[in-house]
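Along the sequence shown, residues carry numbers from 1. Just so you know, these numbers come straight off a predicted model, no measurement behind them.
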Amino acid sequence: MHYKTMVLELIQQHPQTYRQLCKTRTLLPTLELYAQRLKASHEAWKNCLSQGTLVSTPSQLASEALEFALKELETFLEVRFHDSQPLSLEAAMAFIRGPDPPA
């Protein structure tokens with residue numbers, strides 16, 4: 001599954017925000033920004049987990065890293081959308097500039 005698809009599924013869990021993003025034509029830029037951040041987080045988690053993990057195969061490592069990265073994004077979106085405010089481009093940029101997982 002592609003990063004944008006995963007991000008879209010997470011955003012669609014918040015129908016009001018999803019509708020607002022569609023209405024303001026900011027859904028695609030928002031998806032692209034969060035997908036970039038998700039990919040970077042996924043890569044960082046893979047690097048972190050590969051340093052002394054008991055995971056035996058690269059696919060297991062990638063899967064576990066993606067779970068951590070998705071959970072981070074999901075938590076961020078839950079907090080962000082809890083206010084029932086539409087997602088702003090500024091919020092997306094702040095997330096992208098946010099801290100990386102532990103190295």
Side-chain angles (χ1 to χ4, degrees):
M1 188 179 290
H2 296 280
Y3 294 111
K4 283 184 196 177
T5 304
M6 291 182 265
V7 172
L8 178 60
E9 288 181 6
L10 290 174
I11 290 174
Q12 286 175 328
Q13 293 175 8
H14 305 275
Q16 182 179 356
T17 300
Y18 175 74
R19 285 190 300 273
Q20 183 65 29
L21 289 170
C22 290
K23 182 179 176 182
T24 60
R25 297 181 181 218
T26 56
L27 180 61
L28 184 57
T30 301
L31 287 176
E32 289 172 349
L33 289 171
Y34 284 122
Q36 284 178 337
R37 180 61 183 154
L38 179 59
K39 181 180 181 194
S41 179
H42 183 214
E43 293 298 321
W45 275 110
K46 283 196 294 189
N47 289 337
C48 181
L49 292 174
S50 68
Q51 316 250 336
T53 184
L54 299 177
V55 178
S56 60
T57 67
S59 64
Q60 285 178 316
L61 182 96
S63 179
E64 190 166 330
L66 184 59
E67 286 182 38
F68 284 124
L70 279 169
K71 187 62 181 166
E72 282 181 344
L73 179 59
E74 185 177 13
T75 300
F76 172 80
L77 294 177
E78 287 294 326
V79 170
R80 176 66 185 113
F81 297 154
H82 181 69
D83 297 333
S84 300
Q85 302 270 334
L87 183 65
S88 69
L89 192 54
E90 293 81 20
M93 292 301 291
F95 178 71
I96 287 174
R97 286 187 224 113
D100 289 330

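Counting only heavy atoms from C-beta outward, the side chains of L66 and M6 approach each other to under 4.5 Å. Y34 has its side chain out of reach of L10: every pair of non-hydrogen atoms, C-beta onward, lies at least 4.5 Å apart.
Minimum interatomic distance between Y18 and L27 (heavy atoms only, all atoms of both residues): CE1-CD2, 3.6 Å. Closest approach of W45 and A69 over heavy atoms only: CD1-N, 3.9 Å. A pairwise comparison of heavy atoms in E72 and S41 identifies OE1-OG, 2.8 Å as the closest pair.
To the nearest 0.5 Å, atom CG of residue L77 and atom CD1 of residue I11 are 6.0 Å apart. Atom CD of E64 sits about 10.5 Å away from atom SG of C48, to the nearest 0.5 Å. Taken to the nearest 0.5 Å, the CG atom of L38 stands 10.5 Å off from the CD atom of E43. Rounding to the nearest 0.5 Å gives a distance of 14.0 Å between CZ of R25 and OG1 of T30. With rounding to the nearest 0.5 angstrom, the CG atom of L21 is 11.0 Å from the CD atom of Q12.
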Residue pair Y3, H42: steps toward the side-chain contact (heavy atoms from CB on, under 4.5 Å) verdict: CA-CA 10 Å; Y3 294 111; H42 183 214; 2.7 Å; yes
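A donor-acceptor pair under 3.5 Å is formed between the side chain of T75 and the backbone N or O of K71.
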